[in-house]
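Notes to accompany the following structure.
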Amino acid sequence: MSASLRASRIRLAIGGLGLAVGLATTVFLLPDASQQLAQKLSAKRDAEQARNRQAQQLADLQQLSDRIRRGRETLANLEARLPKGTTGELQWELSKTLHKLADKHGLRLQSVKYGQASREGTKGSGLESIEVEFVAVGLYANHKAFMLDLEGSGLPFAVRDGRLEESPEGARLDIVLRAFRKAGAPDREDES
């Protein structure tokens, strides 16, 4: 029996050693493996978020690039349509258009004044600007149609100031336009 007792003790010692190894594995290795798995999952999630942020940034930059390209195309188109004639020719075109549209919409132009050509507000752009001030009198609805047609006329101008008031003669529209032309075009006034 002593052999069987010895064999039992050896089995008990091997079982205890196996239990100790199992407990050591459970206590030391499993938490470390679990922590490594959590770190890998966290790193994967962070990498996916970084990739998504970069994809969004790339999409935003692509949209910005598209807007800049469209802006450049619009600017090139606008520059190509700018009059290249003299200041007097630009004033003549503006005057013809203003009078034609005023007649069309039943308005009376009381005055049309042109300022001197200037590059002051357009420094670095290669443009020259001319201020045009005019007063139109008539019905309000006619003023609205007049301004809409003036905007759609294709003339190179921007409205700098405008005021609509009631007067004994009807609605009075005071407008200051800033018309533009390509600088460097020949100007008879400069040639003299």
Side-chain angles (χ1 to χ4, degrees), residues 18-87 89-91 93-94 97-98 101 104-105 115-134 140-164 173-187:
L19 181 62
V21 169
L23 285 173
T25 300
T26 304
V27 170
F28 295 111
L29 295 181
L30 285 180
D32 187 46
S34 175
Q35 184 179 11
Q36 285 179 357
L37 178 63
Q39 287 175 347
K40 286 180 182 179
L41 291 174
S42 175
K44 180 181 176 184
R45 186 175 53 249
D46 291 345
E48 287 174 352
Q49 288 174 349
R51 184 197 64 202
N52 291 341
R53 274 193 309 271
Q54 287 177 344
Q56 183 61 43
Q57 288 174 342
L58 181 61
D60 292 345
L61 289 173
Q62 184 63 42
Q63 288 176 346
L64 178 61
S65 172
D66 290 344
R67 282 195 312 252
I68 290 171
R69 181 185 45 76
R70 284 191 307 269
R72 283 183 177 167
E73 289 170 358
T74 302
L75 188 57
N77 185 19
L78 178 64
E79 243 182 45
R81 292 184 312 164
L82 283 175
K84 292 173 179 55
T86 65
T87 303
E89 291 169 340
L90 176 59
Q91 289 174 348
E93 283 300 315
L94 286 166
T97 302
L98 288 173
L101 292 176
K104 177 182 173 183
H105 295 289
Q116 292 293 321
S118 167
R119 292 186 184 178
E120 183 62 33
T122 60
K123 286 184 179 172
S125 66
L127 298 178
E128 191 172 77
S129 68
I130 302 166
E131 289 205 357
V132 182
E133 185 176 342
F134 65 91
Y140 171 75
N142 295 354
H143 283 295
K144 183 177 178 182
F146 170 78
M147 287 305 293
L148 289 173
D149 275 357
L150 186 58
E151 287 177 10
S153 69
L155 291 174
F157 72 88
V159 177
R160 188 177 69 76
D161 192 19
R163 186 174 58 241
L164 181 65
L173 181 66
D174 293 314
I175 294 286
V176 178
L177 302 177
R178 181 171 279 172
F180 299 93
R181 75 178 189 104
K182 190 80 169 156
D187 200 344

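Side chains are part of it too, since the values below use all heavy atoms of this structure and drop only hydrogens, waters and symmetry mates.
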Does atom CZ of Arg69 have more than 12 heavy-atom neighbours from other groups under 6.0 Å away?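 Atom CZ in Arg69 is crowded, with more than 12 foreign heavy atoms closer than 6.0 Å.
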Which heavy-atom pair separates [X] from [Y] by the least distance, and what is that distance?
{"X": "Val176", "Y": "Glu131", "answer": "CG1-OE1, 3.7 Å"}
{"X": "Leu98", "Y": "Phe146", "answer": "O-CE1, 3.8 Å"}
{"X": "Gly115", "Y": "Gln91", "answer": "O-NE2, 4.0 Å"}
{"X": "Leu94", "Y": "Ala179", "answer": "CD1-CB, 3.4 Å"}
{"X": "Ser153", "Y": "Thr97", "answer": "CB-CG2, 4.1 Å"}

Quick check: do [X] and [Y] have side-chain heavy atoms less than 4.5 Å from each other?
{"X": "Lys40", "Y": "Lys44", "result": "no"}
{"X": "Leu150", "Y": "Leu177", "result": "yes"}
{"X": "Glu89", "Y": "Glu93", "result": "no"}

Just to verify, which of Leu58, Asp66, Leu64 counts as forming a side chain to side chain contact (heavy atoms under 4.5 Å, CB included) with Gln62?
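That would be Asp66; it is the only one of Leu58, Asp66, Leu64 passing the side chain to side chain contact (heavy atoms under 4.5 Å, CB included) with Gln62.
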- Query: Under 3.5 Å, is there a donor-acceptor pair linking the side chains of Asn52 and Gln56?
  - Reply: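 No, no side-chain donor-acceptor pair sits under 3.5 Å.
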Expected output: side-chain Asp174 to main-chain Arg163 donor-acceptor under 3.5 Å: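 Judged by distance alone, no pair lies under 3.5 Å.
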Worksheet item: Between Thr74 (side chain) and Arg70 (backbone), is there a donor-acceptor pair under 3.5 Å?
Response: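 Here the side-chain-to-backbone pair exists.
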Rounded to the nearest 0.5 Å, how far does [atom2] of [Y] lie from [atom1] of [X]?
{"X": "Asp46", "Y": "Arg53", "atom1": "CG", "atom2": "CZ", "result": "8.0 Å"}
{"X": "Leu164", "Y": "Lys144", "atom1": "CG", "atom2": "NZ", "result": "12.0 Å"}
{"X": "Asp149", "Y": "Asn142", "atom1": "CG", "atom2": "CG", "result": "11.0 Å"}
{"X": "Leu173", "Y": "Met147", "atom1": "CG", "atom2": "CE", "result": "6.0 Å"}

